[in-house]
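Not measured: the values here are computed from a predicted model. All heavy atoms count here, side chains included; hydrogens, waters and symmetry mates do not. One-based numbering, in listed order, for ligands and for the atoms of each.
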Amino acid sequence: MPQIPNSTLFEPFMLGDLPLKNRIVMAPLTRSRSSDAGVPPDFAATYYAQRATAGLIVSEATNISAQARGYALTPGIWSPEQVEAWQRVTRAVRAQDGRMVLQLWHTGRISHPSLHDGALPVAPSAIKPSGQAFTNSGLQDHVTPRALETDEIPAIVADYRHAAQCAKDAGFDGVEIHSANNYLLEQFVRDSTNRRTDRYGGALENRLRFPLEVVAAVTEVWGGGARVGIRISPGTTAPGDTPLDSDPMGTFNAYLDALSAFGLMYIHDIEGVTQMSRDSNGIDYPALRRRFSGAYIANNNYGRDLAEQTLADGNADLISFGRPFIANPDLVDRLRTGAPLAEAPKQYWYGGDATGYSDWPAMQGQIRLAA
Ligand SMILES: Cc1cc2nc3c(=O)[nH]c(=O)nc-3n(C[C@H](O)[C@H](O)[C@H](O)COP(=O)(O)O)c2cc1C
């Protein structure tokens, strides 16, 4: 495969004080193989360790509390059993000289009453999302959520603080706050999903208040921003390509200015519409990158050539790959050598056991086991 001059994709990188083997990041991938109690299975340790040749692994989105759940069989990070299971994962990844952060998740309105003993999901405002929720009894239509009372919000910030501490106890190298894909934090940020009239809604400063309270709590637990990243998706649109807020660049400029003040480790930016297109839809990604003080992880539909070109152009520090990591545990080697990539049938993406999860062979046909 022709090399792009000055390629740095496979070169080491210092992410703050965290030395990475290369500039390849495994993007977070929900795989829905945890128990109903949100405990990841033993074979999750094998799965992540097999992918530890990535410079950095971001875990699948992990619920900060029972209230945060929006999909069946997703893991949590609030109970001792969950922390113990994640410790097995971080030990296995570290044994392969890997680095891993945990993605902290609250789904907000993207949920379903059947995941909450019949209670309504919570959101900034009572606005029903389109689409369906993945529940224990299959896909079910989303419902109109319940708008959070102002005095309920501190308890959710406290849940983030507790989850951030549990992630530390579980041995992660850091955490990534999930503020993308229209889950709870982004629901507060965007003016189409936040119609509140209290101090958490209305003016942009108010819409950013809750996400920034969460960032403050999480960075406090981690002793500053150096081990805390955040995921954003400024280009996400509602079905029909309707922007989710009236001024996405203005919103994200202000958000990034405020985030920079925390000295965060990185922003993990989904460029375009997740998995669908890289159309910029009016978002100036290089400008957002320049606006932010920490490192920039670029994501969405990257292949090797675009990854190398983006690094060569100075438009990212790291590139994350999601879907390609599902069936290619040795993705780093395959990208380096130009070997063909395996494709995972969608039936294996969500739910099931170790099949289609931790049994994908490396190029030479072996299935590498965790130490
Ligand atoms: C099966 C699957 C699960 C995903 N789970 C998450 C998740 O837990 N958290 C998240 O932020 N993004 C999630 N994503 C989005 C990916 O991280 C990534 O942004 C997207 O797949 C685009 O990158 P790619 O083109 O390299 O796959 C998921 C995507 C897929 C295909």
Side-chain angles (χ1 to χ4, degrees), residues 9 23-34 38 40 44 47-48 51 54-64 68-77 86 89 100-108 110-111 131 133-134 163 167 175-187 229-237 266-279 285 296-307 310 316 318-328 331-332 334-335 341-352 356-358 360:
L9 189 57
R23 295 184 179 225
I24 295 170
V25 176
M26 177 177 167
L29 291 168
T30 291
R31 303 299 306 278
S32 306
R33 282 158 166 90
S34 295
Y47 162 78
Y48 281 113
R51 286 152 181 79
L56 180 71
I57 296 173
V58 183
S59 82
E60 64 209 273
T62 302
N63 302 300
I64 59 152
R69 298 174 71 227
Y71 295 76
L73 308 177
T74 50
I77 186 75
W86 281 119
V89 172
M100 182 168 183
V101 297
L102 178 98
Q103 191 184 50
L104 295 171
W105 197 25
H106 191 311
T107 60
I110 312 293
S111 185
F134 176 64
V175 287
E176 175 176 297
I177 298 169
H178 197 342
S179 181
N181 298 346
N182 208 235
Y183 294 117
L184 185 67
L185 267 54
E186 205 192 89
Q187 290 160 28
I230 191 159
R231 193 161 215 219
I232 58 170
S233 54
T236 310
T237 52
Y266 65 74
I267 43 170
H268 188 174
D269 198 353
I270 301 168
E271 300 166 338
V273 181
T274 314
Q275 296 179 51
M276 307 290 281
S277 84
R278 291 190 45 79
D279 294 348
Y285 292 100
Y296 182 95
I297 307 178
N299 171 255
N300 201 22
N301 278 312
Y302 274 89
R304 195 191 92 164
D305 289 351
L306 182 60
T310 302
L318 301 161
I319 308 288
S320 82
F321 297 85
R323 287 163 293 175
F325 263 111
I326 296 178
N328 301 280
L331 180 67
V332 174
R334 293 196 201 206
L335 293 176
L341 301 186
E343 281 223 12
K346 281 196 179 166
Q347 73 191 86
Y348 296 123
W349 285 16
Y350 305 106
Y357 178 74
S358 51
W360 291 100

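- Listed by number with element, the atoms of ligand 1 under 4.0 Å from a non-hydrogen atom of Thr30 are 1 (C), 3 (C), 4 (C), 5 (N), 6 (C), 7 (C), 8 (O).
- Of all the atoms in ligand 1, the ones that sit under 4.0 Å from a non-hydrogen atom of Gly322 are 24 (P), 26 (O), 27 (O).
- Under 4.0 angstrom from ligand 1, there are no non-hydrogen atoms of Arg31.
- Residue contact check: Phe321 has heavy atoms under 4.0 Å from atoms 26 (O) of ligand 1.
- Inclusion of His178 in the set of residues having an N or O under 3.5 Å from an N or O of ligand 1 is warranted.
- If you check the side chains of Asn182 and Thr236, you find no donor sitting under 3.5 Å from an acceptor.
- Those atoms of ligand 1 that come under 4.0 Å of a heavy atom in Ala27, given as number and element, are 17 (O).
- In the vicinity of Gln103, heavy-atom distances shorter than 4.0 Å reach the ligand 1 atoms 7 (C), 8 (O), 9 (N), 10 (C), 11 (O).
- Of all protein heavy atoms, the one closest to atom 19 (O) of ligand 1 is Asn299 OD1, 2.7 Å.
- An N or O contact shorter than 3.5 Å is missing between Glu60 and ligand 1 by distance.
- Applying side chain to side chain contact (heavy atoms under 4.5 Å, CB included) to Ile177 and the options Leu185, Ile64, Ile232 leaves one that passes, Leu185.
- At a heavy-atom distance under 4.0 Å, only side-chain atoms of Tyr350, from C-beta outward, approach ligand 1.
- Across Met26, Gln275, Arg231, heavy-atom proximity to atom 12 (N) of ligand 1 is greatest for Arg231.
- Those atoms of ligand 1 with a heavy atom of Asn181 less than 4.0 angstrom away are 11 (O), 12 (N).
- Protein heavy atom closest to atom 14 (N) of ligand 1, with residue, atom name and distance, is Pro28 O, 3.4 Å.
- Each of Tyr47, Tyr48, Trp105 was scored for a side-chain hydrogen bond (donor to acceptor under 3.5 Å, both in side chains) with Glu60, with one residue passing: Tyr48.
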